[in-house]
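These notes are about the structure you will find just below.
Residue numbers start from 1 in every chain, and the chains themselves are labelled A, B, ... in the order their sequence lines are given, proteins ahead of strands.
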2 protein chains.
Amino acid sequence: MTDLWPDVRPDAARRLMAAAVAAFGERGYHATTTRDIATAAGMSPAALYVHFPSKAAVLSAISRSGHEKALAMVTAAAAGPGDAAARMRVLVTEFVAWHARRHRVARIVQYELTALPEPDYEAVVALRRQTDAVVRSLIEDGVSSGVFRVSDIRSAARAVLSLGIDVARWYTAESKPDPETLGADYAGLVLAMLGAAGA
Amino acid sequence: MTDLWPDVRPDAARRLMAAAVAAFGERGYHATTTRDIATAAGMSPAALYVHFPSKAAVLSAISRSGHEKALAMVTAAAAGPGDAAARMRVLVTEFVAWHARRHRVARIVQYELTALPEPDYEAVVALRRQTDAVVRSLIEDGVSSGVFRVSDIRSAARAVLSLGIDVARWYTAESKPDPETLGADYAGLVLAMLGAAGA
DNA sequence: TAGCTTGCTAAGCGCTTGCTTAGGTCGTCG
DNA sequence: CGACGACCTAAGCAAGCGCTTAGCAAGCTA
C-alpha cells in the first residue's frame with residue numbers, strides 16, 4: 001500500500017503508520033479507533049502504545065512528514081531552472097500529482113489539522129506558512145518579470161494552492177485521469193489563470 | 001449567528017441546528033457530542049431527541065439544505081442573462097462568496113459527506129452530480145460559442161468547483177478580503193483560466 | 001375543570017473509547 | 001546457562017458516548 005517512510009524503524013511502527021494512513025484517510029481521525037489501526041496492522045490494541053505514546057502522536061507523525069514532503073517538493077520546484085512560468089508548471093504538476101497519488105496521506109495533511117495536539121499544530125502551521133510564501137514569491141517573481149499578469153497576488157497564490165489541495169478531497173483509486181496527467185492538465189489551467197504569455 | 005432556515009419550526013429545532021452548524025463546522029461531526037449541541041442551544045441533552053431522531057439526522061438536515069441552496073444558486077446563475085462568460089462570472093462570484101460567508105455550513109456540506117447515513121448520502125450525492133453537470137454544461141456552452149478556450153472540459157469544471165469549495169476549508173471570520181470581494185477576485189481568475197476572450 | 005398534547009429535564013443504561021497494567025516470549029550477549 | 005531488553009498480548013479500567021425512560025409543567029380544547 002505505502003512504501004513511504006523507508007527509514008521508520010522498527011518495521012512494526014511503519015506498519016502501524018500505514019494502517020493509520022488508510023483509516024484516517026478513509027474515515028477521518030475521530031472516526032478511527034486505536035483498535036482499528038492496531039488490528040489492521042495485525043496486532044493487539046496495546047501494541048500501538050509500544051511504538052507511539054498516543055493516537056494523536058500517530059497523527060502527528062503522519063501529518064509532519066507529509067507537510068515536510070510537500071514543502072520540500074514546492075521549494076525544489078520554485079528553485080528550479082527556467083522562467084517563472086516553467087517553474088510554476090513543474091510546481092503545480094508535482095503538487096497536484098502528489099495530492100492525487102497519495103490522496104489518503106494528503107487528506108490527513110490537509111483536513112485533520114484541527115485534531116493535532118498543540119505543539120505539533122504550531123509546527124505544522126509554520127510549515128504551511130512557508131509553503132504559502134514560496135508560491136506567493138514565485139508569482140511575484142513572474143509578475144515583476146512580465147511573465148504573469150494578475151490583479152491580486154494573495155488571491156492568486158491561494159487559488160493555486162486550493163486547486164492542488166482540493167484534489168485530495170475527491171480523488172480516489174478509481175478516479176481518472178492518472179495523477180501525472182491530472183497534474184499536467186491543472187498546470188495548464190494555472191498558467192492560463194496567471195495570465196502567462198505563452199498560454 | 002445564522003438566520004438560515006427561517007421556515008424551520010419549532011424555534012427550538014432551529015436553535016439546535018444553528019448550534020450544530022457551529023460545532024460541526026468548527027470541530028467536525030465526529031468530534032462533536034450531542035451534549036455539545038444541546039447545551040449550546042440552551043437545553044438538556046435529551047431535548048435534542050424530541051426534535052431529531054439521532055445526531056446523524058441533524059447532520060442530514062444541515063447537509064441537505066446546504067446542498068439544495070448551493071445547487072439552486074448555481075442553477076440560477078447558469079440560466080441567467082448574458083453570454084457564457086457573464087454567467088460564469090456570476091456563478092463563481094456567488095458560489096465563492098457563499099463558501100466564505102457561510103463557511104461553517106459549507107464545511108459541513110463539503111467535508112462531512114462520509115458521516116451521512118446511507119439514504120441521505122445517496123440523495124446528497126445526486127444533488128452534487130447535478131451541480132457538477134450545470135458547471136460542465138456552462139463551460140461546454142462557452143467553448144462551443146467561442147467564448148472559452150479549454151483543453152479538457154472535465155478538468156476545467158472540477159477546477160472551477162474546487163476553487164469555490166476549498167474556500168470553506170481556510171476562510172474564517174477574520175479572513176480578508178470580505179466574501180463578495182473574494183468572489184469577484186476568483187471570478188476574474190476563473191475567466192482567465194477558461195481562456196475567456198475579454199480577460 | 002378535566003384531559004390531552006407539546007416541549008422539556010433528571011437520571012441513567014449499555015456500550016465503546018483511549019489507554020494501562022501485568023505478564024509472557026524470544027533473541028542476544030556476558 | 002542465565003539475565004536482560006525488545007516486543008507483544010490478555011485483560012480490563014475510568015471516562016465519555018449516543019440514546020432511552022419516566023415524569024413534570026404549561027397551554028389548548030371541550
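- Taking every nucleotide of DNA chain D with any atom under 4.0 Å from a non-hydrogen atom of chain A, the first and last of them, 5' to 3', are dC7(D) to dG12(D).
- Separating the OH atom of Y49(A) from the P atom of dG23(C) is a distance of 22 Å, rounded to the nearest angstrom.
- To the nearest 0.5 angstrom, M17(B) atom CE is 10.0 Å from L59(B) atom CG.
- The separation between L16(A) atom CG and dC19(C) atom P is 14 Å, rounded to whole Å.
- At least one side-chain heavy atom of I139(A) sits less than 4.5 Å from a side-chain heavy atom of M88(A).
- Residues forming a side chain to side chain contact (heavy atoms under 4.5 Å, CB included) with A46(A) (at least two apart in sequence, or on another chain): S44(A).
- Residues from residues 29-41 of chain B lying near DNA chain D, meaning a heavy-atom separation below 4.0 Å, are T32(B), T33(B), T34(B), R35(B) in numerical order.
- F52(B) places none of its side-chain heavy atoms less than 4.5 Å from the side chain of S60(B).
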Worksheet item: Is there a side-chain contact (heavy atoms from CB on, under 4.5 Å) between Q110(B) and H99(B) once you walk through the steps?
Response: CA-CA 10 Å; Q110(B) 305 297 355; H99(B) 278 79; 3.0 Å; yes
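- A heavy-atom distance below 4.5 Å is not found between the side chains of F95(B) and V135(B).
- In this structure, M43(B) atom CE and dA10(C) atom P are separated by 14 Å, rounded to whole Å.
- One finds no salt bridge joining D132(B) and R129(B) here, because no Lys/Arg side-chain nitrogen approaches an Asp/Glu carboxylate oxygen to under 4.0 Å.
- Shown here is Y121(A), whose OH atom has no more than 12 heavy atoms of other residues, nucleotides or ligands within 6.0 Å.
- With dG18(C), dC8(C), dA10(C) as the candidates, the nucleotide lying closest to the side chain of H51(B) is dC8(C).
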